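Just so we're clear, the structure is a prediction, and the values are computed from it rather than from any experiment.
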Amino acid sequence: MSDKLVLYFSVYGTARAVAEEIVRQTGADIAEIKPAVPYDNDRSHYNALAKLAKKEHDEDMRPAIAWTLPVAEHETIYIGYPMWWYTFPMIIYTLFDQYDFSGKTIIPFNTHMGSGDGGTYATIRKLAPNATVLDGLPVEMKQAERGDAQRIVQWLKSIGQI
Ligand SMILES: Cc1cc2nc3c(=O)[nH]c(=O)nc-3n(C[C@H](O)[C@H](O)[C@H](O)COP(=O)(O)O)c2cc1C
């Protein structure tokens with residue numbers, strides 16, 4: 001078992017692709033932040049997903065995570081997610097509500113279509129005040145789909161992880 005863990009939430013697969021590249025580069029363990037109620041990953045149903053995501057955001061919902069994540073067993077935890085409505089999906093709040101990241105190192109990353117990290121890395125610093133949060137990496141969706149190994153490698157080097 002590695003002392004590093006990559007946690008990711010992904011519906012269309014792009015945050016998963018970045019997560020898998022981080023695993024290839026670092027040898028970290030990986031675990032999906034899997035929703036108890038799956039989201040529709042058919043991209044032609046985007047409007048329905050957008051509507052549901054907006055409702056979850058506006059009603060400050062906490063979608064349940066399907067299983068227990070091995071947070072306690074790891075020291076360095078990557079947390080990856082797509083931008084949804086200019087912030088992270090509400091299931092990331094569920095993650096911070098349910099797990100204690102005190103004393104751990106968090107390394108955020110996200111996929112997006114123009115919003116960058118949308119201020120979510122600053123939000124993570126607020127949600128986990130007793131963790132060390134390193135500089136994250138926003139990856140544009142198309143880049144993530146093409147595979148963005150070089151940028152991921154550069155980033156991991158810049159934060160001293162490889
Ligand atoms: C419901 C929803 C809301 C989104 N909102 C934003 C947004 O506010 N800003 C942005 O840059 N991209 C937004 N996107 C685009 C996603 O961040 C992008 O498609 C991402 O690569 C999806 O990650 P995934 O493949 O891991 O699910 C949104 C996508 C969805 C489905």
CD (E56) and OG1 (T94) are apart, to the nearest 0.5 Å, by 8.5 Å
Criterion side-chain contact (heavy atoms from CB on, under 4.5 Å) on T120 and Y81, from CA distance to verdict: CA-CA 10 Å; T120 54; Y81 47 84; 2.7 Å; yes
Does the plane of the ring in Y46 sit parallel, tilted or perpendicular to the ring in Y12? Use 30° and 60° as the thresholds. tilted
Are any of the side-chain heavy atoms of N47 and L49 separated by less than 4.5 Å? no
Please set out all donor-acceptor pairs under 3.5 angstrom arising from side-chain atoms of residues 101-112, sequence neighbours excluded.
unit_1 : atom_1 : unit_2 : atom_2 : d
S102   : OG     : D100   : OD1    : 2.7
K104   : NZ     : V71    : O      : 3.4
K104   : NZ     : A72    : O      : 3.4
K104   : NZ     : H74    : O      : 2.7
N110   : OD1    : Y121   : OH     : 2.6
N110   : ND2    : G116   : O      : 2.9
H112   : ND1    : G114   : N      : 2.8
H112   : ND1    : S115   : N      : 3.4
H112   : ND1    : G116   : N      : 3.2

Please check: side-chain N/O of Q161 versus main-chain N/O of I159, any donor-acceptor pairing under 3.5 Å? yes
If I take atom CD1 from residue I124 and atom CD1 from residue I92, how far apart are they, to the nearest 0.5 angstrom? 7.5 Å
Could you check if a side-chain atom of T14 sits within less than 4.5 angstrom of a side-chain atom of P82, using non-hydrogen atoms only? no
Roughly how far, to the nearest 0.5 Å, is NZ of K55 from CH2 of W85? 14.5 Å
Heavy-atom distance under 4.5 Å between the side chains of M90 and E59, does that happen here? no
Does some side-chain heavy atom of K34 sit less than 4.5 Å from a side-chain heavy atom of W67? yes
Electrostatic pair D148-R151, nearest N-O below 4.0 angstrom: yes
With a 4.5 Å cut-off on side-chain heavy atoms, are Y8 and V23 touching? no
Within a strict 4.5 Å, meaning less than it, do heavy atoms of the I22 and W155 side chains meet? yes
Donor + acceptor pair across side chains of Q25, E21 (<3.5 Å): yes
In one Ile/Leu/Val/Met/Phe/Trp/Tyr side-chain cluster, 4.5 Å: L127, L69: yes
Are L52 and W84 joined in one hydrophobic group, where the rule is that I, L, V, M, F, W and Y side chains link up if heavy atoms are under 4.5 Å apart? yes
To the closest 0.5 Å, what do you measure between CD1 (I152) and OG1 (T26)? 10.5 Å
Might you point out which heavy atoms bring P70 and L5 nearest each other, and give the distance in Å? O-CD2, 3.7 Å
From I79 atom CD1 to Y99 atom OH, the distance as rounded to the nearest 0.5 Å: 11.5 Å
If you group Ile, Leu, Val, Met, Phe, Trp and Tyr by side-chain heavy-atom gaps below 4.5 Å, do M113 and F9 land in one group? yes
Report whether L7 and L156 are members of the same hydrophobic cluster (ILVMFWY, side-chain heavy atoms less than 4.5 Å apart, transitive linking). no
Shortest non-hydrogen separation from A28 to V6 and the atoms involved: CB-CG2, 3.8 Å
Rounded to the nearest 0.5 Å, how far does CD of E73 lie from OG of S2? 12.5 Å
Would you confirm whether E140, through its side chain, and K142, through its main-chain N or O, come within 3.5 Å as a donor-acceptor pair? yes
same_hphob_cluster(I33, M83) at 4.5 Å side-chain heavy-atom cutoff: no
Under the criterion side-chain contact (heavy atoms from CB on, under 4.5 Å), I'd like the reasoning laid out for L95 against I65: C-alpha separation, chi angles, the key distance, then a yes or no. CA-CA 8 Å; L95 176 74; I65 300 172; 4.3 Å; yes
L137 side chain reached by D117 side chain, heavy atoms, under 4.5 Å: no
Any non-hydrogen side-chain atom of D29 less than 4.5 Å from a side-chain atom of K4? no
How about Y93 and R62: does a side-chain donor come under 3.5 Å of a side-chain acceptor? no
